[in-house]
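Reminder, nothing fancy here: chain letters follow the sequence lines and each chain counts from 1. We use all heavy atoms of the structure for the numbers below, so side chains are in, but hydrogens, waters and symmetry mates are not.
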Amino acid sequence: MSRYWPLPALAACALVPWLPGLPVFWLTLLNYIGISAILVVGVVVLTGIGGMTSFAQASFLGFGAYASAVLSTHYGLSPWLGLPAAIAVSAVAAGLIGAVTLRLRGHYLALGTMAVAMSLYYLFANLDFFGRNDGISGIPPLNLFGLSLVDGRLYLTLIWAVLVLVIVATNNLLDSRVGRAIRSLRGGALAAASFGVNTPAARQLAFVYAAVLAAIAGWLYAHLQRSVNPTPFGLNASIEYMLMAVLGGAGQVGGAVLGAVLVTVINDQLQDWLPRLLGQRGNYESIVFGLILLAVLQTAPEGLWPHLFRGRTRKRVIAPAEALPRRVMPQAGSPVLAVERLSKRFGGLIAVNEISFAVNAGEIVGLIGPNGAGKSTSFNLITGVADPSSGAVRLFGTALTGQPAREIAQRGVARSFQHVKLVPGMSVIENVAIGAHLRGQAGALAGVLRLDRAEEARLFAEAARQLARVGLAEQADRKATDLALGQQRVVEIARALCLDPVLLLLDEPAAGLRHNEKVELAALLRRLRAEGVAVLLVEHDMDFVMNLTDRLVVMDFGTKLAEGTAEAVRRDPAVIEAYLGAAQ
Amino acid sequence: MDSTIVAILVQDGIVNGAIYALLALSLVLVFAVTRVVFVPQGEFVAYGALTYAALDSGSTPGSLWLLCALGALAFVAGVIRRGPVLRLAVTSLVLPAVVTGLTLWLAPLKPGVAVNAALALAIVTPMAPYIYRIGFQPLAEASVLVLLIAAVAVHLVLAGLGLVFFGPEGSRATAFADFSLSLGDLTLPGQALWILGLTAALMAGLYGFFGFTLLGKALRATAVNRLGARLVGIATAQSGGIAFALAGAIGALSGILVVPLTTVYYDSGFVIGLKGFTAAIIAGMGSYPGAVLAALAVGVLESFSSFWASAFKEVIVFTAIIPVLLWRSLRHVTLEDEEE
């Protein structure tokens with residue numbers, strides 16, 4: 001799709017309603033499709049992209065609708081003032097619900113919002129202020145330049161123009177620094193946190209964004225319908241919006257529109273036909289919808305959109321941009337990392353037992369040992385992914401222990417993972433750009449309004465530079481998870497380099513690489529060493545380790561067995577026994 | 001408000017809470033074994049109640065035909081997935097046929113409370129494992145959230161079917177026993193004693209099942225680690241079916257116990273089920289004793305709120321979840337979910 005599609009789309013919004021012969025019935029249907037689509041775009045961002053499930057989206061619709069209804073009827077304010085009020089009320093409500101549930105495991109948000117949806121429904125239905133079950137009627141229509149939007153045609157233009165703007169804003173958001181943080185939440189949250197992404201804040205943002213879109217839809221709904229009552233804001237309505245997203249394709253914004261069209265039209269047809277076929281008694285459309293939802297989840301969990309519109313991978317143009325400012329590197333040989341009597345116990349198992357070692361600037365230290373020796377656990381302790389049971393980790397003498405992963409990243413510690421953690425569905429270069437997250441500042445609003453382009457250009461120029469440095473420039477626009485596993489490990493290194501690290505922790509970087517790829521990797525690590533980067537390396541390939549490292553730390557069963565140069569370690573009887581067994 | 005009213009409210013709350021406790025237990029059980037948040041639990045309550053009420057009035061419950069249809073579908077689904085045909089035929093074709101035969105024979109005879117309750121259980125319980133096989137088994141490896149959405153879809157279908165098979169009218173059944181027990185000012189009706197007694201007995205039974213039987217231990221192993229359980233030879237799909245069957249039976253029994261006390265409609269189950277959820281969530285979806293205590297608390301909270309602000313009792317009960325989640329959230333160290 002061309003990036004200029006919004007212009008013809010807006011023109012269509014203005015013209016289509018006036019098509020001669022457009023039945024009023026279709027006009028009404030299109031109005032409701034547009035309103036649903038606005039809300040479901042939010043569901044796509046929240047659920048399909050952010051990996052969170054909310055059953056309160058219809059409640060946020062209700063917040064928006066009731067806010068504007070109350071202001072314009074009880075207080076006689078202009079309906080236009082209802083819009084900011086609707087947005088504010090929903091955003092605050094979502095902020096509160098999010099604060100309570102988003103730090104917990106995923107299903108708490110789903111269940112918490114389910115309970116909230118129930119209690120809000122009963123609240124709307126029982127408070128005199130909201131007109132109880134009858135709701136509020138006599139809501140004034142919107143006026144635009146003295147023109148009253150009572151005519152369904154004018155209103156259709158307004159709704160679909162808002163939808164176009166919402167889609168543009170959402171695409172802008174997703175293609176920004178904050179957007180990459182949101183996109184990393186599903187399947188890549190741990191890695192993103194290790195590169196300084198504030199994942200709870202990203203979750204909160206996605207949730208509030210979805211609630212705001214629902215509020216805008218609710219405001220449009222209230223002034224279209226000119227009356228509100230609790231029914232369309234109940235739990236079942238939220239489930240229907242969920243169905244729209246899942247059916248259309250929750251992974252893409254386009255899926256929201258497709259789902260809204262399909263579900264609204266099918267619903268209308270079913271309500272028309274099913275009673276004729278099966279008699280009056282029954283709520284057959286909910287049965288059919290439930291079955292459709294189950295069938296889609298079982299056979300095409302990604303929804304219909306990817307099957308109808310094969311997404312072309314867009315080639316990202318890397319414009320030359322001013323280089324990002326770099327960290328001041330410490331003097332070669334000066335102490336960077338100090339690990340002091342570090343221990344980690346899992347119940348009765350001591351995974352890491354009183355380990356101490358140091359890594360200096362401009363030095364490559366290898367951490368080796370048999371499987372299960374506690375190497376990866378040590379990595380997780382150093383990078384704040386896990387908390388040590390006792391002991392300390394110091395960077396330039398300051399304790400890192402107890403700091404969250406993103407704080408440690410902020411100080412210049414970058415890592416790769418033993419089990420590759422790239423964000424599925426994101427291109428190689430976008431994954432690498434997550435590494436530079438902390439080197440940008442642009443927030444969500446700047447992203448939506450495209451005020452972040454200069455900074456984005458700099459971030460992507462840096463990502464491209466690091467990608468070229470590891471020899472994967474050609475692969476920049478491919479889906480990261482389509483690469484061979486060895487190459488994915490190298491992508492992780494490029495991502496780590498984007499942080500501009502003082503300390504680089506690599507977990508089995510050479511695994512899965514071919515011989516000449518290993519040679520290139522070793523050359524790259526030597527160059528980094530020459531620049532003053534401190535490198536800590538876990539690796540099983542002994543040739544690679546022995547030739548590259550300045551010092552080795554050997555671990556076995558959680559304890560340090562030996563430390564020294566490759567040559568000394570190789571002759572150490574304790575090491576030989578651990579690797580080869582004792583001579584009988 | 002005097003002490004008599006307090007006593008009555010507490011008694012009411014505990015009786016309702018006992019039902020919520022049963023539901024909360026089965027929700028925790030299903031979640032632990034299959035990772036499915038079993039939203040349709042409430043429909044099993046309604047189905048159990050309305051099936052029992054129909055039998056009680058001497059008519060044939062519509063859910064009988066639903067049982068046969070689900071059995072046939074489950075058979076087809078099992079055969080497509082190359083399950084053992086003979087066993088599938090016995091569990092999903094012969095079983096519903098036998099239950100249908102018995103019901104058609106016995107129902108017009110008005111065979112009494114015990115037989116009616118047994119028949120209602122036999123009609124409703126097998127639906128749960130059939131639904132597991134049709135709806136959830138193909139998704140066994142999906143994420144918790146996908147399973148949750150699937151559970152919501154099943155809830156939609158079952159609620160719609162409930163209207164088709166039972167109609168929009170509510171039903172009520174005669175009580176199990178017409179005796180009552182006087183304790184000072186307080187009169188405990190026989191039905192309340194039945195509820196408390198059966199709940200306690202069921203909990204003891206579950207405790208024994210999970211603590212001392214091989215099958216129960218297999219379910220617990222599946223709950224702890226699906227892959228590990230499979231590696232030591234436990235059929236995890238079968239464990240899922242058993243967990244669903246237990247949940248279905250508990251749901252249906254709750255309905256049977258409730259329907260003499262209050263009129264049940266085809267959609268009443270959902271709200272009752274959600275209160276079971278509230279209790280399960282308060283207990284963190286993991287602890288059985290915690291779920292029981294939380295359920296009793298939810299029941300008491302509900303009966304007091306219906307005394308003070310009856311219009312807002314649902315609001316109060318469902319909002320009770322928020323402070324609990326807040327407390328959990330403050331205590332909880334954020335760990336990134338590695339599940340997609």
Fill in the blank from the handout: Rounded to the nearest 0.5 angstrom, the CE-CG distance for A/Met114 and B/Leu274 is 6.5 Å
Handout entry: Separation between CG of A/Leu111 and CD1 of B/Ile281, rounded to the nearest 0.5 Å
Key = 4.0 Å
Fill in the blank from the handout: Interface check, chain A: of B/Ile149, B/Val324, B/Leu326, most non-hydrogen pairs under 4.5 Å belong to B/Ile149
Fill in the blank from the handout: Heavy-atom closest pair (B/Leu148 atom, A/Ala110 atom, distance to 0.1 Å) is CD2-CB, 3.0 Å
Exercise for the section: Check whether any side-chain heavy atom of B/Leu163 sits under 4.5 Å from a side-chain heavy atom of A/Tyr284, and report yes or no. Expected result: no
Exercise for the section: Answer yes or no: is there a side-chain heavy-atom contact under 4.5 Å between A/Met242 and B/Val152? Expected result: no
Exercise for the section: State whether the number of non-hydrogen atoms from other residues, nucleotides or ligands found under 6.0 Å of B/Phe312 atom CZ is greater than 12. Expected result: yes
Problem - Sidechain-backbone polar pair: A/Asn126 side chain, B/Ala311 backbone, donor-acceptor under 3.5 Å - result: yes
Practice task
Check whether any side-chain heavy atom of A/Ile287 sits under 4.5 Å from a side-chain heavy atom of B/Val164, and report yes or no.
Solution key: yes
Problem - Residue pairs fulfilling salt bridge (Lys or Arg N to Asp or Glu O under 4.0 Å) with at least one residue in residues 116-131 of chain A, sequence neighbours excluded - result: A/Asp128-A/Arg132
Completion exercise
Residues of residues 314-321 of chain B with a heavy atom under 4.5 Å from any heavy atom of chain A, in residue-number order, are B/Glu314, B/Val315, B/Phe318, B/Thr319, B/Ile321
Problem - Straight-line distance of B/Asp267 CG to A/Ser286 OG, nearest 0.5 Å - result: 10.5 Å
Handout entry: Among the listed options B/Val157, B/Ile322, B/Val271, the residue most often paired with chain A at heavy-atom distances under 4.5 Å
Key = B/Val157
Practice task
Would you mind reporting whether B/Leu156 and A/Leu243 have side-chain heavy atoms less than 4.5 Å apart?
Solution key: no
Practice task
Quick one: which residue pairs count as a salt bridge (Lys or Arg N to Asp or Glu O under 4.0 Å) with a foot in residues 128-144 of chain B, not counting sequence neighbours?
Solution key: B/Glu141-B/Arg226, B/Glu141-B/Arg230
Problem - Under 4.5 Å from any heavy atom of chain B - which part of A/Phe55 - result: side chain
Practice task
Below 4.5 Å from any heavy atom of chain B, which atoms of A/Ala386 appear? Answer side chain, backbone, both or neither.
Solution key: neither
Handout entry: Residue part contacting chain B, namely of A/Leu235, when any heavy atom lies under 4.5 Å
Key = side chain
Handout entry: Interface residue of largest heavy-atom contact number with chain B, from A/Ala125, A/Gly290, A/Ala192, under 4.5 Å
Key = A/Gly290
Practice task
Please flag which part of B/Ile134 lies under 4.5 Å from any non-hydrogen atom of chain A: side chain, backbone, both or neither.
Solution key: backbone
Fill in the blank from the handout: With sequence neighbours left out, the residues meeting ring-ring contact (aromatic ring centres under 6.0 Å, His included) with B/Phe270 are B/His155
